Amino acid sequence: MKKDVTGKSTDPAVRSLLEISHEKDYSTIWDRYEEQQPQCGFGSLGICCKICMQGPCRIDPFGENATRGACGADADLIVARNLLRSIAAGTSAHAGHAKHLAHILVKSGRGEYPDYPIKDAPKLKALAERLGIDTEDKNDQQLALAVGEAALDEFSEKESPNAWAATTIPAARAQKLTALEVVPSGIDSIISEIMHRTHYGNDADAVNLLLGGIKCSIADYSSCYMATELSDILFGTPQPVKTEANMGVLKENAVNIAVHGHNPALSDIIVQVASEMEEEAKQAGASEGIKLVGICCTGNEVLMRHGIPPITHSVSQEMAIVTGALEAVVVDYQCILPSLSNLAECYHTRLITTIATNKIKGAHHIEIDESNAREQAKKIIRTALEAYKERNPSLVNIPQNKNVTFAGFSTEAIINALSQVDGNDPLKPLLDHISAGNIQGVCLFAGCNNVKVTQDQNFITMAKELARNNILILATGCGGGAFARAGLMTPEATNEYAGEGLKSVLSAIGEAAGLGGPLPLILHIGSCVDNSRGVQIATALANKLEVDVDQLPLVASAPEATAEKAISIGTWAVAAGLPTHIGVVPPVLGSNTVTEVLTNKAAELTGGFFIVETDPGEASRKLLDVIKSRRQQLGI
Ligand code: BF8
């Protein structure tokens, strides 16, 4: 039977490849999701506990049967503990990512990793100064070593609070979080603390546990911020780039290689090396050489720094293989579907894992060795060149869909663009426009696609509605990918969708910055760890106005959230004082207490709170209402 693909994705490239998948009877994430129906109601509400081996225990949501698990845990406790473990898991992923970079920085400083020189020395020096490291008479390598060691020190328990958190948020926010006793003293130590607290027979106070969740999320924030900064130092701070997005960038006569995962540690080196191997690719028969493309956040990293085109994201990653034109998908870690391996077997595509702790059954494993990264990258690319010879032209189906996109809007790039308007006081024009109402507020779109939502629909519907209402929009992660593929990160989109006030501001800044047109409707600020750039901008605005972040008309949204990392990021966005929308219902509704704290009581503690709303139109209205009320409170 022919399956309908219209409700699966707004992206025509994905829909056409999904049709091919159906014809060939491949198993995709959408098919497997259907096979899971009906999904477990207890799990959906968060009231299934399998923490101990006396379980699994389930709470009757109607209160007619079991109201407690065997140990006595009630729904509040079970939901809170499950949520905390998700926050800890999300934090551990970002922590692992940041720690990986900190190790590279240390070895770079010691001269053991010659393939990782310092690319942004001023940023390294500024970071060292912010961390209180004596920079006098230190060269880049010495500073790299000192900063790398300070970064590694952040992971274990210290007597002082986590430096990456304490030094990057407004003083008033730091005081608030300190008073709540939610500033962790070590990133790994708080992850461990959460696992301890949620162990059988431990912390049994749901509200106390939720405060622990906020504490853990601050460690997640620190990890994200650290990952952004160390990546910029090692691979360069992004500057605006123009490129294209979506499957149509793949080339029939090139060796197409996708980098997928999260860390630029390998993908950036692959970008550097690929350009040196063009001749080799041509000798392998590919007249157009090598075409590198990105998937998910590693794709965002190389998009931001090198303009490498992103082809697809999150829920549709399998479809990249169904093009039949990918020689290799090179992955590091996180958000990589295990099913890629099964699909790769249907084609000549090599799925290449590169990290010892992230192997996939059936994949080729070529482990990254940072002491010899360039050679490893060459080996990986040569594997793709070999695969090219096995490509079956009759299986090639490259959708023609692609859109121009801009990216590379690091905080530094945004400040640089603003300084073309006012060189002495770059933030002033932005604040003046917020105050005058030309910009009503700022929304940061982040997070994944989710198989439960028509891919990108919530992102696109909400962004258009907010832009029409003069909200300045920033985006990261797979959300950034959604907008790039939809052509919304362009000056043309500004002309088409921005409200008059927003359009005039983006035009004035774009013209002053010499772009010959407005800034894009949505500014791509990077991968998911680069949500830290959003806080950096919010902190700069708050400091300039001498207010706290929770007083500003700033909001965040993850309208198609999936990963545990999205939960930990959402939690720190709330801790930072942001009203934070999620467009997918998280598994917390089984507890009134937890739901009430997240959506309401949190505001009394941090100023931020969650808005759970699955309808994108309604979600936009709710965010606009919050922005309006914050403006009123500020008297603007
Ligand atoms: O870290 S947005 S699906 S790729 S978790 Fe994953 Fe979600 Fe994409 Fe980036 Ni973020």
Side-chain angles (χ1 to χ4, degrees), residues 9 11 14 29 33 86-87 89-98 100-101 217 220-221 223-228 231 245 258-265 267 293-304 308 310-320 329-340 355 358 407 444-453 455-456 458-459 474-485 522 524-534 556-573 580-584 586:
S9 177
D11 184 337
V14 171
I29 189 169
Y33 174 64
S86 287
I87 295 172
T91 305
S92 73
H94 289 138
H97 178 157
H100 187 171
L101 292 163
S217 78
D220 187 77
Y221 164 76
S223 305
C224 289
Y225 211 111
M226 185 191 290
T228 297
S231 296
V259 289
H260 178 15
H262 282 79
N263 203 314
S267 49
V293 297
I295 299 176
C296 286
C297 278
T298 239
N300 280 324
E301 298 283 352
V302 292
L303 163 68
M304 290 286 284
I308 299 296
I311 54 166
T312 207
H313 300 87
S314 196
V315 76
S316 55
Q317 57 188 269
E318 293 166 316
M319 296 303 105
V329 181
V330 185
V331 305
D332 48 68
Y333 37 56
Q334 299 165 26
C335 306
I336 299 147
L337 299 187
S339 60
L340 291 187
I355 305 280
N358 186 31
L444 169 58
F445 278 103
C448 335
N449 294 130
N450 186 309
V451 71
K452 296 176 179 174
V453 179
Q455 185 185 22
D456 302 341
N458 288 357
F459 279 111
L474 312 175
T476 59
C478 293
F483 297 132
R485 280 180 286 107
I522 300 169
H524 201 321
I525 64 169
S527 63
C528 286
V529 295
D530 294 335
N531 282 310
S532 63
R533 300 192 203 274
S557 172
E560 302 178 23
T562 284
E564 286 164 313
K565 289 180 290 171
I567 298 180
S568 48
I569 290 176
T571 309
W572 64 248
T580 301
H581 164 248
I582 340 177
V584 178

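On a predicted model such as this, the values are computed, not experimentally measured, just so you know. For ligands, and for the atoms within them, numbers begin at 1 and follow the listed sequence.
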Inset, instruction - Count, excluding waters, the protein N, O or S atoms that are closer to atom 9 (Fe) of ligand 1 than 2.8 Å. - result: 2
Inset, instruction - Report yes or no: does a heavy atom of Ala566 sit under 4.0 Å from some atom of ligand 1? - result: no
Legend entry - Check against side-chain hydrogen bond (donor to acceptor under 3.5 Å, both in side chains), Gln317 and His260: CA-CA 9 Å; Gln317 57 188 269; His260 178 15; 2.8 Å; yes
Inset, instruction - Looking only at non-hydrogen atoms, find the nearest pair between Ala475 and Ile522 and report the distance. - result: CB-CG2, 3.7 Å
Inset, instruction - Would you please classify the geometry between the Tyr333 ring and the His97 ring as parallel, tilted or perpendicular, with 30° and 60° separating the classes? - result: tilted
Legend entry - Any Tyr33 side-chain heavy atom under 4.5 Å of Lys452 side chain: yes
Inset, instruction - Applying side-chain hydrogen bond (donor to acceptor under 3.5 Å, both in side chains), run through Glu301 and Ser267 and close with a yes or a no. - result: CA-CA 8 Å; Glu301 298 283 352; Ser267 49; over 6 Å; no
Inset, instruction - For residues His262 and Ser527, determine if any side-chain heavy atom of one lies less than 4.5 Å from a side-chain heavy atom of the other. - result: no
Legend entry - Which of the ligand 1 atoms, numbered from 1, are nearer than 4.0 Å to a heavy atom of Gly447: 2 (S)
Inset, instruction - Indicate yes or no: at least one non-hydrogen side-chain atom of Met319 is less than 4.5 angstrom from one of Thr312. - result: no
